[in-house]
J.: 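Got a structure here, written out as structure tokens. Questions coming.
These numbers were taken from a predicted model, which means no experiment stands behind them. Values reported hereafter were calculated over all heavy atoms of this structure, with side chains retained and with hydrogens, waters and symmetry mates removed.
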Amino acid sequence: MNVRIEKIINKFLNISRSECKKVLKDGRVLVNNKTILKPITINTCKDLITIDGFEIDYKEYQYYILNKPSGYVCANYDRVNETIFDIIDLNPNEYFSYGRLDKDTEGLLIISNDGKMGHRIINSKYEIPKRYYFEIDKEIDEKIKTHHPKPILISNNYLVKKYDFEFISSKTGYITIYEGKFHQVKEMFNFFGYNVLFLKRVSIGKLILDNNHKIGELKEISFEDLEKIF
């Protein structure tokens, strides 16, 4: 991929374009072991780029999985609440989460700077399954066990027509949804008279949260890993 050298300097040092030109003039950038003093276009697949002695592995797009802890909102900035960007080392001006988890919900969250892929993942027309582990406040009764496949009514008179339940015990299990409406899982349980006490997203499509992925930990994944969603 052909990229202007200033773009790479900007990403690596997080400085303005005008400052990038000064970095070049100061002889801090090497391409294929030769000092570059003026802006040029390079091939990121073939050329070796070094800035201040550090070899740069440039990627236009990067993809991460965060095992989101409870207590943080999925926003880039918030005047009241702490956000996911308060606990991860990514620039909130460049990265964003694909979809959201409620403040008190844990689990699998994808973060990237690839807007086109993000749109594909959150677009409801693709009906990507999202699986959650849940704990509720009362014992599961026959009403909820026998309701499927009838629709479930939530806010704004929206009918959730596609979903799956998997019950583990009298108060726990998994629910799979195919949209991403605001508070959708909680409202689906409210429909049956239950309150959700704990909720954790464990998978999106075939992308599964590893059991060894610690809460609050950010892990980089490849584009090929991300495509498992589809």
J.: At their closest point, which heavy atom of Asn32 faces which heavy atom of Lys46, and how far apart are they?
T.: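 Heavy atoms only, the tightest pair is OD1-O, 4.3 Å.
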J.: For Phe96 and Asn76, run side-chain contact (heavy atoms from CB on, under 4.5 Å): C-alpha distance rounded to whole Å, both residues' side-chain angles, the deciding distance at 0.1 Å, then the answer.
T.: CA-CA 7 Å; Phe96 56 92; Asn76 291 55; 4.2 Å; yes
J.: Please check this pair: side chain of His148 against backbone of Tyr163, looking for a donor-acceptor N/O pair closer than 3.5 Å.
T.: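 Here the side-chain-to-backbone pair exists.
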J.: Would you check if Ile8 and Val29 make a side-chain contact, meaning some heavy-atom pair closer than 4.5 Å?
T.: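 The answer is no; the side chains never approach within 4.5 Å.
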J.: Using modelled atom types and a 3.5 Å cut-off, is there a donor and acceptor pairing between side-chain atoms of Asn67 and backbone atoms of Gly216?
T.: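 No, Asn67 side chain to Gly216 backbone: no donor-acceptor pair under 3.5 Å.
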J.: Looking just at side-chain N and O atoms, do Tyr158 and Glu179 make a donor-acceptor pair shorter than 3.5 Å?
T.: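 A pair is found: one side chain offers a donor N or O, the other an acceptor, under 3.5 Å apart.
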J.: Could you go through the side-chain contact (heavy atoms from CB on, under 4.5 Å) check for Thr172 and Tyr133 one step at a time?
T.: CA-CA 8 Å; Thr172 66; Tyr133 168 77; 3.6 Å; yes
J.: Among side-chain atoms of Gln62 and Tyr95, is any donor-acceptor pair under 3.5 angstrom?
T.: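 Yes, because at least one side-chain N or O of Gln62 sits under 3.5 Å from a partner of the opposite role on Tyr95.
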J.: Would a hydrophobic clustering, with Ile, Leu, Val, Met, Phe, Trp and Tyr connected at side-chain separations under 4.5 Å, put Ile204 with Val202?
T.: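 They do not share one cluster, since no chain of ILVMFWY contacts under 4.5 Å joins Ile204 to Val202.
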J.: Return yes if a side-chain donor-acceptor contact under 3.5 Å exists between Asp78 and Tyr72, otherwise no.
T.: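 No pair is found: no donor N or O on one side chain lies under 3.5 Å from an acceptor on the other.
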J.: Below 4.5 Å, heavy atoms only, C-beta onward: do Phe223 and Met117 meet side chain to side chain?
T.: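 Touching, per the 4.5 Å side-chain cut-off.
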J.: Are Leu30 and Ile40 linked, directly or through other ILVMFWY residues, by side chains that come within less than 4.5 angstrom of each other?
T.: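 No, separate clusters.
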J.: Indicate the atoms forming the closest heavy-atom contact of Asp137 with Asn195, along with that distance.
T.: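 Between these two residues, the closest heavy atoms are OD1-N, 2.9 Å.
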J.: If you apply the rule side-chain contact (heavy atoms from CB on, under 4.5 Å), what do you find for Thr105 with Val185, and how did you get there?
T.: CA-CA 11 Å; Thr105 300; Val185 172; over 6 Å; no
J.: Please test His183 against Ser155 for side-chain contact (heavy atoms from CB on, under 4.5 Å), starting from the C-alpha separation and ending with a verdict.
T.: CA-CA 9 Å; His183 294 324; Ser155 291; over 6 Å; no
J.: How long is the straight-line distance from CD1 of Ile128 back to CZ of Arg120, given to the nearest 0.5 Å?
T.: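 These two atoms lie 8.0 Å from each other.
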J.: Can you classify the ring geometry of Phe12 versus Phe54 as parallel (below 30°), tilted (30 to 60°) or perpendicular (above 60°)?
T.: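 Taking Phe54 first and then Phe12, their aromatic rings sit tilted (interplane angle of 30° to 60°).
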J.: Compare all side-chain heavy atoms of Phe198 with those of Asp104 and state whether any distance is below 4.5 angstrom.
T.: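 No, every pair of side-chain atoms sits at 4.5 Å or beyond.
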J.: Can you give me the closest heavy-atom contact between Ser112 and Tyr63, atom names plus distance?
T.: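 Scanning both residues, the minimum pair turns out to be OG-CD2, 3.2 Å.
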J.: Can you name the residues that form a side chain to side chain contact (heavy atoms under 4.5 Å, CB included) with Lys25, not counting sequence neighbours?
T.: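 Side chain to side chain contact (heavy atoms under 4.5 Å, CB included) check on Lys25 returns nothing, list empty.
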J.: Flag the pair Glu166 and Arg131 as a salt bridge only when some basic side-chain nitrogen lies within less than 4.0 angstrom of an acidic carboxylate oxygen.
T.: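 Here Glu166 pairs with Arg131 in a salt bridge, since their nearest N and O are under 4.0 Å apart.
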J.: Do the side chain of Lys68 and the main chain of Arg100 share a donor and acceptor less than 3.5 angstrom apart?
T.: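 No, because the side chain of Lys68 does not come within donor-acceptor range (under 3.5 Å) of the backbone of Arg100.
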J.: Treating Ile, Leu, Val, Met, Phe, Trp and Tyr as nodes and any side-chain heavy-atom pair under 4.5 angstrom as an edge, say whether Ile221 and Leu66 lie in one connected cluster.
T.: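 Different hydrophobic clusters.
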J.: Nearest 0.5 Å, please: how far is NZ in Lys103 from CD in Glu82?
T.: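 Spacing of CD (Glu82) from NZ (Lys103) equals 8.5 Å.
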J.: Report yes or no: does Asn123 contribute a side-chain atom to a donor-acceptor pair with the main-chain N or O of His119 at less than 3.5 Å?
T.: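 Absent.
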J.: Where do Pro151 and Lys161 come nearest, in terms of heavy atoms and distance?
T.: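 In terms of heavy atoms, the two residues are closest at CB-CG, 4.2 Å.
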J.: Is the NZ atom of Lys22 crowded by more than 12 outside heavy atoms at less than 6.0 Å?
T.: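 It does not: Lys22 NZ has 12 such atoms or fewer within range.
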J.: Quiz question: by atom type and distance under 3.5 Å, do the side chains of Asp141 and Tyr194 form a donor-acceptor pair?
T.: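 There is such a pair between these side chains.
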J.: Out of curiosity, Met188 CE to Gln184 CD, how far, rounded to the nearest 0.5 Å?
T.: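 Nearest 0.5 Å value for the CE-CD distance: 6.0 Å.
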J.: Would you say the side-chain atoms of Tyr98 and Asp114 include a donor-acceptor pair closer than 3.5 Å?
T.: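 Absent: no donor and acceptor within the cut-off.
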J.: Among the clusters formed by ILVMFWY side chains lying less than 4.5 Å apart, do Ile9 and Leu37 turn up in the same one?
T.: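 Looking at the clustering, Leu37 is in a separate group from Ile9.
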J.: Rounded to the nearest 0.5 Å, how far apart are CG of Leu108 and NZ of Lys130?
T.: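 If I round to the nearest 0.5 Å, the distance is 11.0 Å.
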J.: Is the backbone N or O of Asn93 less than 3.5 Å from a side-chain atom of Asn91, with the two atoms forming a donor-acceptor pair by type?
T.: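 Checking the backbone N and O of Asn93 against the side chain of Asn91, a donor-acceptor pair under 3.5 Å is found.
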J.: Does any part of the side chain of Lys11, heavy atoms only, come nearer than 4.5 Å to the side chain of Asn113, both counted from C-beta?
T.: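 They are in side-chain contact.
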J.: Indicate yes or no: at least one non-hydrogen side-chain atom of Ile175 is less than 4.5 angstrom from one of Phe189.
T.: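 Touching, per the 4.5 Å side-chain cut-off.
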J.: Please name the pair of heavy atoms, one in Ile140 and one in Ile136, separated by the smallest distance, quoted to 0.1 Å.
T.: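 Shortest heavy-atom contact: CG1-CD1, 3.7 Å.
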J.: Do any pairs count as a side chain to side chain donor-acceptor pair (under 3.5 Å) and have a residue in residues 197-209, sequence neighbours left out, and if so which ones?
T.: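 Only Tyr132-Arg201 qualify under side chain to side chain donor-acceptor pair (under 3.5 Å).
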J.: Are Phe165 and His147 close enough that their ring centers fall under 6.0 Å?
T.: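 Between His147 and Phe165, which both carry aromatic rings, the centre distance is not below 6.0 Å.
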J.: Can you tell me if NZ on Lys150 sees more than 12 non-hydrogen neighbours from other groups inside 6.0 Å?
T.: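 Atom NZ in Lys150 is packed in, count exceeds 12.
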J.: Around Asn156, counting heavy atoms of other residues, nucleotides and ligands shown, do more than 12 lie under 6.0 Å from its CG?
T.: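 No, the 6.0 Å shell around CG holds no more than 12 heavy atoms from other groups.
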J.: Side chains of Leu207 and Ile110: closer than 4.5 Å at any heavy-atom pair?
T.: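 The answer is yes; the side chains approach within 4.5 Å.
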J.: Which heavy atom of Gly193 sits nearest to which heavy atom of Lys138, and what is that distance?
T.: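 Closest pair (atom of Gly193, atom of Lys138, distance): O-NZ, 2.8 Å.
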J.: What's the spacing between Ile84 CD1 and Leu109 CG if we round to 0.5 Å?
T.: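 It comes to 5.0 Å.
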J.: Side-chain contact test, heavy atoms from C-beta onward, threshold under 4.5 Å: evaluate it for Ile65 versus Asp210 and give yes or no.
T.: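 Heavy-atom side-chain distance check fails, nothing below 4.5 Å.
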J.: Rounded to the nearest 0.5 Å, how far does CD1 of Ile49 lie from OG1 of Thr44?
T.: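 CD1 of Ile49 is found 6.5 Å from OG1 of Thr44.
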J.: With a 4.5 Å cut-off on side-chain heavy-atom distances among I, L, V, M, F, W and Y, is there a chain of contacts connecting Phe134 to Ile208?
T.: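 Result: no, two separate clusters.
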